[in-house]
Number of protein chains: 2
Amino acid sequence: MERLRQHIEHITSLTNEEFEYIQTHFTKKRVLKNQYLLHEGDDVKNEFVVLSGLYKVFFLDEQGREYIIQFAKENWWMSDYQAFFQEKKATVFIECIEAGEVLVSTLETREKLSAELHKMEHFYRVKLTNGYVALQERIKLLLSSTPQERYEAFVKLYPDLLQGIPKKLIAEYLGVSRETLSRLYSR
Amino acid sequence: MERLRQHIEHITSLTNEEFEYIQTHFTKKRVLKNQYLLHEGDDVKNEFVVLSGLYKVFFLDEQGREYIIQFAKENWWMSDYQAFFQEKKATVFIECIEAGEVLVSTLETREKLSAELHKMEHFYRVKLTNGYVALQERIKLLLSSTPQERYEAFVKLYPDLLQGIPKKLIAEYLGVSRETLSRLYSR
DNA sequence: AAAAAAGTGTGACCGAAGTCACACTTGTAA
DNA sequence: TTACAAGTGTGACTTCGGTCACACTTTTTT
């Protein structure tokens with residue numbers, strides 16, 4: 001839980017009492033490799049804060065092709081935010097790539113803490129601001145770049161992921177075929 | 001200004017005094033067709049709330065090709081949010097397609113109102129949440145869909161834009177060539 | 001240790017979308 | 001009202017990336 005505190009205090013400082021209270025709204029959960037935290041069609045009751053391990057957020061098209069929206073590592077938040085905020089059924093999957101731990105929270109928690117503690121509303125706003133900017137960057141990249149440039153941008157964003165995971169997953173994140181990606185660095 | 005009030009109260013209710021105060025942080029500005037509200041390389045001092053008219057937020061790649069990030073109409077907010085929040089130079093342009101009016105605000109305003117009024121921090125958080133979800137949807141679409149599907153999704157999102165603006169702009173939003181877009185509905 | 005499964009590189013082929021060129025229409029300005 | 005610019009559709013050609021196939025390697029399982 002100390003991790004969560006540091007994470008929040010990176011944005012806004014808290015008293016011990018405040019953190020004590022906030023803490024009660026999060027529960028720790030161990031996650032094993034290949035375990036699903038969220039499955040298409042589920043009610044999206046939770047959002048997750050990654051403490052350790054590696055996870056992928058992805059979806060499938062009609063032909064069953066897989067597209068990765070996000071890799072999540074330490075201190076990243078993840079959910080099917082569309083469904084989470086709008087209380088719809090999940091359209092994405094969250095699967096564990098490397099075992100680790102996450103904190104589990106709910107929409108009620110987010111709204112309640114935001115309403116009760118101005119500081120927490122601030123925290124969530126800042127997090128969302130950063131997330132918004134990151135997504136916009138991804139859109140610009142998807143719109144304008146060649147596979148080559150996307151790959152280079154990926155390397156910058158996730159330098160540590162390059163060795164750890166199958167290239168296939170990187171291809172699914174970039175939106176190119178495995179073969180095309182392979183040809184990018186073999187020439 | 002009444003428009004701004006309705007817009008905010010759609011999310012959180014305000015007293016007259018509160019709105020009086022908030023109001024002083026926004027100034028109205030008339031915008032003419034083809035006028036730029038923001039130019040690549042500028043310091044991004046402002047964000048804009050659209051009262052009327054139509055605007056495009058776009059950027060250029062090295063070859064000078066144009067990509068539209070967002071069309072903005074009534075009640076949409078726009079800026080180069082990346083640069084705005086991080087106080088960097090603009091990498092995008094905002095240009096007026098149809099004359100109208102906007103409200104002009106600043107980062108200081110956003111932060112100040114958020115800090116002073118919990119309600120406003122809430123307002124900004126909710127706006128950001130919606131924006132985040134919309135961007136994520138766009139990413140999913142860009143990753144997985146054919147030009148055909150993108151076009152159909154566009155029609156749903158901006159049904160009113162179809163007749164008003166040149167098809168070239170739609171193509172730039174979808175990330176396909178003008179010719180490809182043209183062939184989508186001529187067969 | 002053997003067998004099965006997953007990951008990776010590479011060639012051959014194909015097809016969807018980009019580019020270029022041009023004709024025709026519509027809108028705008030002199 | 002004429003002239004010029006902008007917008008639009010369509011054909012010909014090209015090209016980049018996808019798909020399929022297969023060999024080889026590495027990892028996992030039994």
Side-chain angles (χ1 to χ4, degrees), chain A residues 32-36 53-54 56 58-68 71 93 95-99 141-155 158 160-187, chain B residues 32-36 53-54 56 58-68 71 93 95-99 141-155 158 160-187:
Chain A
L32 299 177
K33 185 167 176 173
N34 299 323
Q35 185 180 341
Y36 285 86
L54 181 65
K56 62 173 176 176
F58 68 98
F59 66 101
L60 302 177
D61 68 12
E62 316 75 49
Q63 290 104 108
R65 265 185 301 249
E66 191 172 317
Y67 300 88
I68 293 179
F71 289 106
F93 303 78
E95 186 178 355
C96 177
I97 299 176
E98 270 173 25
L141 213 64
L142 286 174
L143 271 177
S144 71
S145 63
T146 62
Q148 179 74 257
E149 295 167 318
R150 286 188 214 179
Y151 176 68
E152 283 157 15
F154 179 85
V155 173
Y158 295 105
D160 43 330
L161 286 195
L162 280 183
Q163 43 285 359
I165 64 171
K167 305 277 186 284
K168 180 169 155 270
L169 295 183
I170 298 177
E172 285 166 10
Y173 179 87
L174 299 179
V176 299
S177 73
R178 213 204 82 233
E179 292 92 331
T180 297
L181 176 61
S182 166
R183 283 170 181 125
L184 285 183
Y185 38 69
S186 66
R187 65 165 73 135
Chain B
L32 299 177
K33 185 167 175 171
N34 298 324
Q35 185 179 340
Y36 284 86
L54 183 65
K56 62 173 177 177
F58 68 98
F59 66 100
L60 302 177
D61 67 13
E62 317 74 50
Q63 288 104 108
R65 265 185 301 249
E66 192 172 317
Y67 301 88
I68 294 179
F71 289 107
F93 302 77
E95 186 179 355
C96 177
I97 299 176
E98 270 172 26
L141 214 63
L142 285 174
L143 271 177
S144 71
S145 63
T146 62
Q148 180 73 259
E149 294 165 319
R150 286 189 213 178
Y151 176 68
E152 283 155 16
F154 179 85
V155 173
Y158 296 106
D160 42 329
L161 286 194
L162 279 183
Q163 44 286 356
I165 64 171
K167 305 275 186 281
K168 180 169 156 272
L169 295 183
I170 298 177
E172 285 167 10
Y173 179 87
L174 298 179
V176 299
S177 73
R178 213 205 82 234
E179 294 91 331
T180 297
L181 176 61
S182 166
R183 282 170 183 127
L184 284 184
Y185 38 68
S186 67
R187 65 167 74 135

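What's counted below: heavy atoms across the whole structure, side chains too, no hydrogens, waters or symmetry copies. Nothing here was measured: the structure is a model prediction, and the numbers come from that model. Each chain gets a letter, A, B and so on, in the order its sequence line appears, and its residues count up from 1.
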Please table the atom pairs, donor to acceptor, closer than 3.5 Å between any side-chain atom in residues 165-172 of chain A and protein atoms at least two apart or in another chain.
none

- [ ] To the nearest Å, give me how far apart CG (L181(A)) and C1' (dG18(D)) are.
- [x] 13 Å

Task: Sequence-distant partners of F71(A), ring pair (Phe, Tyr, Trp, His ring centres under 6.0 Å), two or more places apart - done: Y158(A), Y173(A)

- [ ] Look at the side-chain N and O atoms of R65(A) and state whether any lies under 4.0 Å from the OP1 or OP2 oxygen of dT19(D).
- [x] yes

Open item on the list: So does V176(A) get a backbone contact from the side chain of T180(A), meaning a donor-acceptor N/O pair under 3.5 Å?
Closed with: no

Open item on the list: Going by the rule side-chain hydrogen bond (donor to acceptor under 3.5 Å, both in side chains), which residues pair with S144(A) if we only count those two or more places apart in sequence or in a different chain?
Closed with: none

Open item on the list: Could you work out, with salt bridge (charged side-chain N to carboxylate O under 4.0 Å, His left out) as the rule, every residue matching R178(A), not counting sequence neighbours?
Closed with: none

What's touching nucleotides 25-30 of chain D from the protein side, N or O pairs under 3.5 Å?
none

TODO: Could I get the full list of side-chain hydrogen bond (donor to acceptor under 3.5 Å, both in side chains) partners for Y151(A), not counting sequence neighbours?
DONE: none

Open item on the list: Once rounded to the nearest 0.5 Å, what's the spacing between atom CG of L54(B) and atom CD1 of I97(B)?
Closed with: 4.5 Å

Task: Closest to the R183(B) side chain, choosing from dT10(D), dT19(D), dG17(D) - done: dT10(D)

Open item on the list: Without decimals, in angstroms, what is the distance between Q163(B) CD and dT8(D) C1'?
Closed with: 16 Å

Task: Residues in side-chain contact (heavy atoms from CB on, under 4.5 Å) contact with E152(B), at least two apart in sequence or another chain - done: Q148(B)

TODO: Provide, to the nearest angstrom, the distance between the OH atom belonging to Y151(A) and the C1' atom belonging to dG17(D).
DONE: 17 Å

Open item on the list: Can you pull out the residues from residues 165-180 of chain A that lie within a 4.0 Å heavy-atom distance of DNA chain C?
Closed with: P166(A), K167(A), K168(A), R178(A), E179(A)

TODO: Rounded to the nearest angstrom, tell me the gap between atom CG in L184(A) and atom P in dT10(C).
DONE: 12 Å

Open item on the list: If the condition is salt bridge (charged side-chain N to carboxylate O under 4.0 Å, His left out), which residues does E179(A) pass it with, not counting sequence neighbours?
Closed with: none

Open item on the list: Using OP1 and OP2 only, check whether a side-chain N or O of Y185(A) sits under 4.0 Å from dG9(C).
Closed with: yes

TODO: Starting from P on dA6(C), measure out to CD1 on I97(A) and report it in whole angstrom.
DONE: 16 Å

- [ ] Measure the angle between the two terminal helix axes of the helix from dA1(C)-dT30(D) to dA30(C)-dT1(D), five base pairs each, and quote it to 10°.
- [x] 50°

Task: Under the side-chain hydrogen bond (donor to acceptor under 3.5 Å, both in side chains) test, residues paired with Q35(A) that sit two or more places apart - done: none

Open item on the list: Please enumerate all residues that pass side-chain contact (heavy atoms from CB on, under 4.5 Å) together with E95(A), with sequence neighbours excluded.
Closed with: N34(A), Y36(A), K56(A), F58(A)

Task: Distance in angstrom units between E66(B) CD and dG7(D) C1', rounded - done: 15 Å

